[in-house]
Amino acid sequence: QGIRNLTLHVLESAGLCSTAALRKRIHIFVSHDDPHYVSGRYRAALGKAWADRLIVGVRGADRQVRFIEECFCRGQHIIVCDDNLVWLRHWSGEGYTFRKLRRSSCELASLFSRAEAEMTRRGAFL
């Protein structure tokens, strides 16, 4: 239930699941020993379409990011985002401030587009 109410809710409310092409760009990484994965609850909660987007990784955020990096071809742009994203660190011209992420259908998608543009500009990939 949590994966539908949290992970998919974040993706859907951001407009990142509105087309089949967008959904194909989303991968849901879970730890190999997560009890919800091991028990089959994630697959059951997600349904076939989203369960096919599950990739079984490793425990620990730092190790999982390295694992994610190895899952994609060299040169691909990858954005790693946790599903509990609530705050953004924002440059205001006078320094950084934190503000709540607006759950509009465009803010997170816009943020990802800007991240992709910056990665291209700087030659970064993750």
Side-chain angles (χ1 to χ4, degrees):
Q1 185 70 356
I3 199 165
R4 286 209 63 82
N5 292 341
L6 190 58
T7 305
L8 292 185
H9 175 73
V10 167
L11 295 170
E12 289 166 355
S13 67
L16 297 171
C17 305
S18 57
T19 68
L22 285 174
R23 285 188 298 276
K24 283 185 178 182
R25 295 178 71 179
I26 296 170
H27 306 277
I28 302 171
F29 285 81
V30 297
S31 172
H32 68 285
D33 61 356
D34 184 306
H36 298 298
Y37 168 72
V38 174
S39 71
R41 285 183 289 220
Y42 278 159
R43 285 197 170 278
L46 290 170
K48 177 155 176 44
W50 281 111
D52 288 346
R53 307 307 300 161
L54 274 177
I55 298 176
V56 182
V58 295
R59 176 176 287 287
D62 56 335
R63 293 177 60 224
Q64 186 77 302
V65 170
R66 296 289 76 84
F67 177 83
I68 291 168
E69 186 176 23
E70 297 296 321
C71 287
F72 295 92
C73 296
R74 185 178 178 100
Q76 276 187 279
H77 293 139
I78 305 163
I79 298 172
V80 178
C81 182
D82 206 343
D83 58 11
N84 61 357
L85 183 63
V86 175
W87 297 91
L88 289 179
R89 189 173 135 181
H90 175 73
W91 177 257
S92 64
E94 297 178 14
Y96 286 102
T97 59
F98 287 90
R99 69 168 177 77
K100 272 198 164 216
L101 175 69
R102 290 187 294 271
R103 296 286 179 189
S104 66
S105 61
C106 63
E107 185 168 37
L108 197 54
S110 172
L111 179 66
F112 289 168
S113 293
R114 287 194 339 254
E116 182 180 22
E118 278 297 306
M119 284 191 283
T120 300
R121 187 172 76 82
R122 296 174 184 256
F125 299 100
L126 180 63

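Note that the coordinates shown come from a computational prediction; the quantities given were computed from them, not determined experimentally.
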J.: Residues two or more places apart in sequence or in another chain: which of them pass salt bridge (Lys or Arg N to Asp or Glu O under 4.0 Å) with R121?
T.: E118
J.: Under the salt bridge (Lys or Arg N to Asp or Glu O under 4.0 Å) rule, collect the residues that match up with R74, sequence neighbours excluded.
T.: none
J.: With side-chain contact (heavy atoms from CB on, under 4.5 Å) as the criterion, how do I3 and H36 come out once you've worked through the C-alpha distance, each side chain's angles and the decisive distance to 0.1 Å?
T.: CA-CA 10 Å; I3 199 165; H36 298 298; over 6 Å; no
J.: Do any side-chain atoms of residues 19-29 form donor-acceptor pairs under 3.5 angstrom with protein atoms, and if so which ones, sequence neighbours left out?
T.:
unit_1, atom_1, unit_2, atom_2, d
T19, OG1, L22, N, 3.1
R23, NH1, C17, O, 2.6
H27, ND1, R53, NH2, 3.3

J.: Looking at every non-hydrogen atom in both residues, tell me the closest pair between V38 and H32 and how far apart they are.
T.: CG2-O, 3.5 Å
J.: Which side-chain N or O atoms in residues 57-65 pair as donor and acceptor under 3.5 Å with protein atoms at least two apart or in another chain?
T.:
unit_1, atom_1, unit_2, atom_2, d
R59, NE, D33, OD1, 3.3
R59, NE, D33, OD2, 3.1
R59, NH2, D33, OD1, 3.3
R63, NH1, R59, O, 3.3
Q64, OE1, V58, N, 2.9

J.: With sequence neighbours left out, write down each residue that passes ring-ring contact (aromatic ring centres under 6.0 Å, His included) with Y96, or none if nothing qualifies.
T.: W91
J.: Within this structure, what is the OH-CZ distance for the pair Y37 and R43, rounded to the nearest 0.5 Å?
T.: 6.0 Å
J.: Rounded to the nearest 0.5 Å, how far does CG of L46 lie from OG1 of T7?
T.: 8.0 Å
J.: For a 4.5 angstrom cut-off between non-hydrogen side-chain atoms, does E69 reach V80?
T.: no
J.: According to salt bridge (Lys or Arg N to Asp or Glu O under 4.0 Å), who are the partners of D34, at least two apart in sequence or on a separate chain?
T.: none
